[in-house]
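The shown structure was predicted, so the numbers you read here are calculated from the model rather than taken from an experiment. Just so we're on the same page: letters track the sequence lines, and every chain starts at 1.
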Number of protein chains: 2
Amino acid sequence: MEPIRRDALVKAAIAEIGEAGSLDVTVSQIARRAGMSSALAHHYFGSKEQMMVAAMRHILTLFGAEVRGALAMAKTPADRVEAIVRASFSSQNFRAETAAAWLNFYVEAQTSQPTRRLLGVYHRRLRSNLVFAFRPLVADPEQAAETVSALIDGVYLRQVLRSDAMTNAEAIGLILRAVDRLKDTRP
Amino acid sequence: MEPIRRDALVKAAIAEIGEAGSLDVTVSQIARRAGMSSALAHHYFGSKEQMMVAAMRHILTLFGAEVRGALAMAKTPADRVEAIVRASFSSQNFRAETAAAWLNFYVEAQTSQPTRRLLGVYHRRLRSNLVFAFRPLVADPEQAAETVSALIDGVYLRQVLRSDAMTNAEAIGLILRAVDRLKDTRP
DNA sequence: CGGGGTTTATTGACTCGTCAATCAAGAAGC
DNA sequence: GCTTCTTGATTGACGAGTCAATAAACCCCG
C-alpha cells in the first residue's frame with residue numbers, strides 16, 4: 001500500500017501545484033485529489049515538506065532519465081549539447097504545470113535545506129553534462145555551460161509568466177541557435 | 001503622513017521579503033520593521049496584495065530609472081545593449097535581497113492579475129529596448145532580444161539559489177560575452 | 001480449517017497556531 | 001469639535017499535524 005499511496009500523493013501534489021501555480025496548496029487538496037484523507041497523507045509522509053521534497057525528487061528523476069536517454073543516442077559533442085537541450089524542453093517537461101512546480105521549488109529552496117540540496121544536485125549534474133559536451137567545442141567549456149544553463153532556466157521562467165507561451169520547438173530553436181553562436185569558429 | 005508611511009512600508013516589505021526569501025511575510029513583520037502597527041499598514045494599503053504590488057512597482061521604477069540613465073549615455077548600438085545589461089546587474093539591483101523579491105513576484109504573478117500586468121509591462125519595456133538596440137547589429141533583433149532577456153532572468157534565478165554567488169561583474173561579463181557572440185560577424 | 005491476536009490502513013474530529021482584516025476607542029493637531 | 005493618526009484587542013478563517021477509534025488484512029498454532 002505504502003508505495004502506491006506515496007506515488008499517488010506525489011503525482012497529485014505536482015498536479016495541484018501546477019494548477020494553483022503556487023506552493024500554497026493544502027495537504028487536504030492534494031490528498032483529496034489522490035483519493036484519500038489528509039490524515040493518511042500525513043501518515044505516509046510525516047510532513048508537508050517531506051511530501052514536497054518527494055514531489056521534486058520525482059520531477060528531477062524523470063528529467064534525469066530523459067537526459068540520460070537522449071545522451072545515450074548522441075555520438076558527436078554537438079549531439080550531446082543538443083540532446084541536453086532537447087531533453088530540457090521535451091514536451092514531458094516543458095509544460096506550464098511542471099514549470100510552475102519548478103519555479104515554486106526555487107522559492108522553497110530559499111528556506112528548505114533539503115530542497116536546496118536537491119536543486120544543487122540537479123544543477124551540478126546539468127552543469128557537468130554540459131561542460132563535458134562543450135569541452136571539444138569551445139575554449140572555455142565552463143563558461144559555455146554556465147551560459148546555456150542560465151538560458152534554459154531563463155526560458156523556463158518566462159514560460160511560467162507569459163500568456164503567449166512559446167512552444168517547446170521554439171524554445172529549443174532559440175537555445176540551439178545561441179549554442180551555435182557559442183561554438184568557437186576561430187581557433 | 002500618508003506618503004511617508006506608504007514609502008516606509010514599501011521599503012520594509014522589500015527588505016522583509018528579501019530576508020525571508022519568501023512572500024510569506026506577515027503584515028505585522030513588515031509594519032514592525034517600518035515602525036508602526038499592522039493596523040496602520042492596513043489603513044494605508046487596504047490589503048496585503050496592494051502592498052505587495054506597490055513594492056514591486058517600486059523595484060520596477062528604480063530599475064527603469066537606472067536603465068534610462070544608462071541608455072542616455074550610450075551612443076552606439078553596442079553601447080545600448082551594454083547599458084541595459086549593466087543596469088540589470090547594477091549592484092543596486094543584483095543583490096540576493098532584490099533577486100529574492102523578484103523571484104517571489106514571479107510566483108505571485110501566477111495568481112495575482114495586477115502583479116502579472118506589472119511584470120508584463122517590465123518585460124515589454126526591456127524587450128523593446130533590446131530590440132531597438134540590436135536592430136543595427138543583428139539580422140533578427142527580436143530573437144537576440146529574447147535570448148538576452150532569458151539570459152538575464154536565468155542568471156538572476158541562479159543567483160537566488162547558489163551559495164557561491166556570482167559577483168555582478170561576473171554576471172555582466174558572462175552576458176556581454178554571449179552578446180558578443182550573438183552579433184552578426186557574417187553578413 | 002478457524003478463531004484470537006497483531007499489525008496495517010484509514011478516517012473524522014479535534015487541537016493549536018497563525019494571520020489578514022476589522023473595529024472601537026484613544027491621542028494629537030488644527 | 002472635527003479630522004487625521006494610531007493602536008490594542010478581537011474576529012474569523014484556514015490549515016498543518018495529532019489522535020483515538022474503526023475496519024481490514026494477515027498470521028500463527030491448535
With rounding to the nearest 0.5 Å, note down the distance linking CG in Leu126(B) to CD1 in Ile84(B). 6.5 Å
Only distances under 3.5 Å count here; give the side-chain donor-acceptor pairs of residues 59-74 of chain B to other protein atoms, sequence neighbours excluded, each with its distance to 0.1 Å.
{"residue": "Thr61(B)", "atom": "OG1", "partner": "Arg57(B)", "partner atom": "O", "Å": "2.7"}
{"residue": "Glu66(B)", "atom": "OE2", "partner": "Ser90(B)", "partner atom": "OG", "Å": "2.7"}

Name all residues meeting the ring pair (Phe, Tyr, Trp, His ring centres under 6.0 Å) criterion together with Phe94(A); count only those two or more places apart in sequence or in a different chain, and write none if there are none. Phe89(A), Tyr156(A)
Residue pairs fulfilling ring pair (Phe, Tyr, Trp, His ring centres under 6.0 Å) with at least one residue in residues 2-24 of chain B, sequence neighbours excluded: none
Using a 4.0 Å heavy-atom cut-off, write out nucleotides 7-16 of chain D from 5' to 3' as B (base contacted by protein), S (sugar-phosphate only) or - (no contact). BB------SS
Can you list everything that forms a salt bridge (Lys or Arg N to Asp or Glu O under 4.0 Å) with Glu108(A)? Sequence neighbours excluded, please. none
Nucleotide N/O to protein N/O under 3.5 Å, stretch nucleotides 26-30 of chain C:
none

Whether the side chain of Arg5(B) engages the backbone of Tyr44(B) through a donor-acceptor N/O pair (distance < 3.5 Å, no angle test) should be reported. no
For nucleotides 21-26 of chain D, give me every protein contact, N/O to N/O, under 3.5 Å, one pair per line with atom names.
none

Quick one: label Tyr44(B) by what it contacts on the DNA or RNA (base, sugar-phosphate, nothing), any heavy atom closer than 4.0 Å. sugar-phosphate
Starting at atom CD1 of Ile30(B), determine the distance to atom P of dC19(C), rounded to an integer number of angstrom. 12 Å
Kindly write out the residues that satisfy salt bridge (Lys or Arg N to Asp or Glu O under 4.0 Å) with Glu142(A), not counting sequence neighbours, or none if the list is empty. none
Could you state the atom-to-atom distance from CG of Asp24(B) to C1' of dG17(C) in whole Å? 15 Å
Can you tell me how far P of dC19(C) sits from CE of Met52(B), to the nearest Å? 12 Å
From CZ of Phe45(B) across to P of dT6(D) the rounded distance in Å is 14 Å
Between Glu146(B) and Met166(A), is there a side-chain heavy-atom distance shorter than 4.5 Å? yes
Looking at side-chain heavy atoms only, is the closest gap between His42(B) and Ser47(B) below 4.5 Å? no
Enumerate the residues from residues 8-20 of chain B whose closest heavy atom to DNA chain D is under 4.0 Å, giving them by residue number; use none for an empty result. none
Under the salt bridge (Lys or Arg N to Asp or Glu O under 4.0 Å) test, residues paired with Arg33(A) that sit two or more places apart: Glu16(A), Glu19(A)
Identify, with sequence neighbours excluded, every residue that meets salt bridge (Lys or Arg N to Asp or Glu O under 4.0 Å) alongside Asp7(B). Lys11(B)
Any chance you could measure Asn129(A), atom CG, to Arg80(A), atom CZ, to the nearest 0.5 Å? 7.5 Å
Is it the case that over 12 heavy atoms from other parts of the model lie below 6.0 angstrom from the CZ atom of Phe132(B)? no
In numerical order, the residues of residues 110-118 of chain B whose heavy atoms come under 4.0 Å of DNA chain C are none
4.5 Å side-chain heavy-atom contact, Gln110(B) and Leu103(A): yes
Taking side chain as C-beta onward, heavy atoms only, is Val85(B) less than 4.5 Å from Leu151(B)? no
